[in-house]
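See below for the structure under consideration.
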Amino acid sequence: MPAEPKNLKQIDADSILHPSTNANEFAKTGSRIIQSGKGIYLEDTDGNRLIDAVAGLWCVNVGYGRPEIANAMHKAATDLSYYHTFTGMSNVPQIELAERLLAIAPNNMSKVFFASGGSDGNDSLMKIVWYYHNLIGKPEKRKIISRWQSYHGTSIATASLTGLPSFHKDFNLPIEGVLHTESPDYFRHGKPGESELDFSKRRAAELEALILQHGPETVGAFIAEPVMGAGGVITPPEGYFAEIQKVTKKYDILFIADEVVCGYGRLGTWFGSEVYDIKPDMITTAKALTSGYFPFSASFITEQIWDVIKQGSAKYGSFAHGYTYAGHPIGAAVAMANLDIIENDGLIAQSADVGQYFHTQLNQRFANDPFVAQVRGQGMLAAVQLMQDKDSKTFFDPAIKIAPSVTVKCYQNGLIARPLPSVDSVAFSPPLVTSKAQVDDIVNIFEASVRDVMQQHGL
Ligand code: PMP
């Protein structure tokens, strides 16, 4: 006798604490269970076929169901299912991957530290900032500055860095020693008549004021995403990183580039630092390093930092930090296969080309739309700013929950887009394999969904 089909949604509701989910709303809607994926398409257990225009959580750059990656995973698991990398132990895939990554990482990175995700990658760099300053005899230089609206993870330390209040207020965060400076969101915070460059200079002056208020001798590092992802797909205004880097240099503050979303092709270049001429001392990458097929991250440090860490052993003995799954052989093999696809399929160039097409289409389609105030982003990363009245810059009543209303409608119409409720925007981050014809499908469904929702609200 075949087994009774289980009521998966009921079991889910009875047994899983879902991340980033409102329990009350979830009790009404239940889960949407994704059961398969191929290319840019997903299927759920209700029989919906969906275009995933977010690539999971901005990570499935090579698309779903790639046999090259499945085969690499199978081979790696067969050869060596696991071994740790503590106490100098190693494995072939992580060595090959390290060499390959250091050849493409921006600003001459010297060493790579492997972990399992973006949060623990950033956590590791925070600890390296402290370790480094302890070793050079400046133990008080340990405060870390991030920006409001940023996203850097959800561990205790990285949720503190994350500049979105909902990640702080219910958990008594941020921890001591994490400071926030103002966000680079020119659209929201630029003053009337202020140019982008003047705004960038103002932001740099505010950063300097914060550093001076706390004492430069207490500030160890500054962390920034090249383009802010979850906080709104905020591209830096003109001159922003040049001005900010003048300040971090002046006060000997290490610059951490959080490339967890931007890395590996998302912006039409290998890394976001290239686009904005960021010269980081440290970099975190994760997500598209394995296109989400395996939880894996790579954080980088320069030779200057490595030189100091190396000397640390005389003082401290071993570098007492690391994770059970650091440099996992299956993860490293998956990353190698993923990088092969990005290179062999020319996905960096495709991301630049199709990304430009995507932005052109969105801009043309919504140029005269009363409810779309801005299309922003870079490469295959975009956001559409919704507004009740763009001429008078009037935002929607928050009670309408405009961005989630639009993305729920998109889902009903066969498209996954991501709501960014804190900025009334809808984000797109499609797999880099998306074609121009598929971009047309995305834009068509999105436009129809926006119209439906505005009509529902009598607008
Ligand atoms: N940094 C950035 C820029 C991110 O977008 C994210 C995840 N969305 C993280 C860090 C945290 O990564 P993870 O969820 O893998 O811990």
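As the structure lists them, so they are numbered: ligands from 1, and atoms in each ligand from 1. Hydrogens, waters and symmetry mates are skipped; everything else that's a heavy atom, side chains included, is used. Quantities reported herein were computed from a predicted structural model and do not represent experimental measurements.
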Exercise for the section: Tell me whether the guanidinium CZ or amine NZ of K436 lies under 6.0 angstrom from the six-membered ring centre of Y357 and within 45° of its axis. Expected result: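 Yes.
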Practice task
Tell me whether the centres of the aromatic rings in Y323 and H321 are closer together than 6.0 Å.
Solution key: yes
Problem - Ring-ring centroid check H180 H168, cutoff 6.0 Å - result: yes
Practice task
Anything with a heavy atom under 4.0 Å from ligand 1 counts, so go ahead and list those protein residues by chain and number.
Solution key: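 Under the 4.0 Å cut-off, ligand 1 touches G117, G118, S119, N122, Y151, H152, G153, E225, D258, V260, V261, K287.
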Contacts under 3.5 angstrom, residues 254-261 side chains, donor-acceptor by atom type, not counting sequence neighbours:
from: D258; atom 1: OD1; to: V260; atom 2: N; distance (Å): 3.0
from: D258; atom 1: OD2; to: N122; atom 2: ND2; distance (Å): 2.9
from: D258; atom 1: OD2; to: H152; atom 2: ND1; distance (Å): 2.8
from: E259; atom 1: OE1; to: G272; atom 2: N; distance (Å): 2.7
from: E259; atom 1: OE2; to: G272; atom 2: N; distance (Å): 3.2
from: E259; atom 1: OE2; to: S273; atom 2: N; distance (Å): 2.7
from: E259; atom 1: OE2; to: S273; atom 2: OG; distance (Å): 2.7

Handout entry: ring-ring contact (aromatic ring centres under 6.0 Å, His included) pairs, two or more places apart, involving residues 401-427
Key =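 Applying ring-ring contact (aromatic ring centres under 6.0 Å, His included) to every pair that reaches into residues 401-427, excluding sequence neighbours, yields nothing.
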Handout entry: F199: ring-ring contact (aromatic ring centres under 6.0 Å, His included) partners, not counting sequence neighbours
Key =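 F199: ring-ring contact (aromatic ring centres under 6.0 Å, His included) contacts with Y186.
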